[in-house]
Amino acid sequence: MSIVTGMLNDIRVVEIGQVLSAPYTGMIFAELGAEVIKIEKPGSGDEARMMGPAFRHGASMNFTDVNRGKRSVVLDLKSEQGVADLFAILVTADVMVH
């Protein structure tokens, strides 16, 4: 492992965003060694999952590319419980990306 690859090993990032900007930023954090937790909406998840044309394992290659190395959590941020769950995750985070 190079120094650059592991330079953020002790950092936890919560990514709340879709399609490209926030996921791309989260991808960079993950590549530098941070733990990235991606928050997705129930049902369809990130809208980029269906942006094609290339698909693999039910998700577009665009989605797969910018979301590699992340963990995904499904939360309904329109519900009180979903917001409470988000705040419970955020108190453990060093960075939030939106």
Please report the interatomic distance [atom1]([X]) to [atom2]([Y]), rounded to the nearest 0.5 Å.
X     : Y     : atom1 : atom2 : answer
Phe29 : Ile11 : CZ    : CD1   : 8.5 Å
Glu15 : Thr25 : CD    : OG1   : 8.0 Å
Lys38 : Gln18 : NZ    : CD    : 7.0 Å

Test question: given the 4.5 Å side-chain rule for I, L, V, M, F, W and Y, name all other residues clustered with Val74, or answer none.
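Under the 4.5 Å side-chain rule, Val74 groups with nothing.
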
Give me the other members of the hydrophobic cluster that Ile89 sits in, counting Ile, Leu, Val, Met, Phe, Trp and Tyr linked by side-chain heavy atoms under 4.5 Å, directly or via other members.
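Members alongside Ile89: Val14, Ile16, Ile37, Ile39, Val73, Leu75, Leu77, Val83, Leu86, Phe87, Leu90, Met96.
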
Nearest heavy-atom pair of Gly17 and Ala22: which atoms, and what distance?
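Closest pair (atom of Gly17, atom of Ala22, distance): CA-CB, 3.7 Å.
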
Asp76 versus Pro42, closest heavy-atom pair with distance
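Asp76 and Pro42 have their closest heavy atoms at CB-CG, 3.7 Å.
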
For Pro23, is there any backbone N or O sitting under 3.5 Å from a side-chain donor or acceptor partner on Lys70?
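Side chain of Lys70 to backbone of Pro23, a donor-acceptor pair under 3.5 Å: yes, one is there.
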
